[in-house]
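Some notes on the structure that comes next.
Owing to the predicted nature of the structure, the values given are computational and were not obtained by experimental measurement.
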Amino acid sequence: MAKILITGGTGLVGSRLTKLLKDKNHEVAILTRSADAENEYQWDLQKKTIDKKAFKNTDYIIHLAGAGIADERWTNERKKVIIDSRVESANLLFETIKKENINLKGFISASGSGYYGAVTTDKIFTEKDKVGNDFLGEVCEKWENAAHQFESLEIPVTILRTGIVLSEKGGALDKMRLPVISPLGSGKQYMPWIHIDDLCAMYIQAIEGNLKGVFNAVGPKHHTSTTFSKALAKSINRPYIGICVPSFMLKLLFGDMSKILLEGSRISSKKIEKNGYSFQFETLKKALNNL
């Protein structure tokens, strides 16, 4: 059994992942701004400090820390927070690991399906495709480059480009469970999604199954905003109205951030499946009915 240090371990994915790792008898430690529990250790990005006791006997680091992409409007200040919270945190980990000569078995980092950019096209994106030419692409590229640094220390790196995480409480679904469900914008944009337990299982497979490299962490069945909204309405017994929420309203409400609601393409999950991953929730219906 391994010891895993998780950044962002108190968040939506981190909390669920911690439980599932412990269920499999792994030991979990968490890096957090305010350490309260016995297995929590403090770090401070502004001061560039980190409790080195967190690294004792650590085999793997899972880097989930990062300010929420959709939590606030994308002002220039907020964009800097979004990037720095991911990149500077990875840099602090890297410098500490290097300085303390800590021998990790792997560094596993989150990234986003927004790597390919907020665009709606007929293309199905694979891990070989280029980074998108927009803010989301910039975030993910810098995020991933920060993770790839660990390869210079001969530490294997795994990156999961994650879609919309579907969970019982919290996350995107909470914001979608409105009294009436409608598609957004054109309704034709795709919404790459993944059930939280599939995502966590991929992180576990990176540890237990030697899953190395860059992988799209998205469900295998593609859905547009329209088909997703219909499935969601049915699963929670809410009325569905096929009149789309107008794009201009979303742009007024969210500014530049509205792109993540109004644009989206299909993203392939074939690489991770070819590397031995089998989905627990391969259809959206099955995923939603589990929540």
Give a yes or no on whether the backbone of [Y] and the side-chain of [X] come within a donor-acceptor separation of less than 3.5 Å.
X: Lys286; Y: Gln280; result: yes
X: Asp198; Y: Ile194; result: no
X: Gln189; Y: Thr120; result: no
X: Thr32; Y: Ala35; result: no
X: Trp143; Y: Ala110; result: yes
X: His63; Y: Arg86; result: yes

How many angstroms lie between atom [atom1] of [X] and atom [atom2] of [Y], to the nearest 0.5 angstrom?
X: Thr162; Y: Ile159; atom1: OG1; atom2: CD1; answer: 10.5 Å
X: His223; Y: Tyr190; atom1: NE2; atom2: OH; answer: 10.5 Å
X: Asn145; Y: Ser111; atom1: CG; atom2: OG; answer: 10.0 Å
X: Leu17; Y: Cys200; atom1: CG; atom2: SG; answer: 4.5 Å
X: Ser268; Y: Phe125; atom1: OG; atom2: CZ; answer: 12.0 Å
X: Tyr60; Y: Glu208; atom1: OH; atom2: CD; answer: 9.0 Å

Heavy atoms only: give me the nearest [X]-[Y] pair and the separation to one decimal.
X: Leu291; Y: Glu168; answer: CD2-N, 3.5 Å
X: Ser89; Y: Leu45; answer: CA-CD2, 3.6 Å
X: Leu178; Y: Arg238; answer: O-NH1, 3.0 Å

**Request:** Could you walk me through whether Lys19 and Asp23 pass salt bridge (Lys or Arg N to Asp or Glu O under 4.0 Å), step by step?
**Result:** CA-CA 6 Å; Lys19 183 188 183 303; Asp23 286 349; 2.9 Å; yes
Output yes when [X] and [Y] qualify as a salt bridge under the 4.0 Å nitrogen-oxygen rule, no when they do not.
X: Asp59; Y: Lys3; answer: no
X: Arg33; Y: Asp44; answer: no
X: Lys271; Y: Glu127; answer: no
X: Glu138; Y: Lys142; answer: yes
X: Lys48; Y: Glu88; answer: yes
X: Asp256; Y: Lys251; answer: no

**Message:** What I want to check is whether the side chains of Tyr116 and Asn216 have a donor and an acceptor closer together than 3.5 Å.
**Reply:**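 Yes, side-chain donor-acceptor contact under 3.5 Å.
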**Asked** Quick one: do the Glu27 and Asn57 side chains pair a donor with an acceptor below 3.5 Å?
**Response**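 Short answer, no.
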**Request:** Give the C-alpha distance, both sets of side-chain angles, the deciding distance and a yes or no for side-chain hydrogen bond (donor to acceptor under 3.5 Å, both in side chains) between Thr96 and Glu100.
**Result:** CA-CA 6 Å; Thr96 307; Glu100 300 297 321; over 6 Å; no
**Request:** With sequence neighbours excluded, tell me which residues meet ring pair (Phe, Tyr, Trp, His ring centres under 6.0 Å) with Trp74.
**Result:**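 Checked Trp74 against ring pair (Phe, Tyr, Trp, His ring centres under 6.0 Å); matches are Phe135.
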**Message:** Under the side-chain contact (heavy atoms from CB on, under 4.5 Å) test against Ile6, which residue among Leu21, Ile61, Ile108 passes?
**Reply:**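 In the set Leu21, Ile61, Ile108, the residue that makes a side-chain contact (heavy atoms from CB on, under 4.5 Å) with Ile6 is Leu21.
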**Request:** Examine Phe150 together with Phe94 and report whether their ring centres are nearer than 6.0 Å.
**Result:**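 They qualify: ring centres under 6.0 Å apart.
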**Prompt:** Mind checking whether Phe279 and Tyr277 have ring centres under 6.0 Å apart?
**Reply:**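 So the answer is yes for these two rings.
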**Asked** Who pairs with Ala54 by side-chain contact (heavy atoms from CB on, under 4.5 Å), at least two apart in sequence or on another chain?
**Response**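 Ala54: side-chain contact (heavy atoms from CB on, under 4.5 Å) contacts with Leu5, Leu31, Tyr41.
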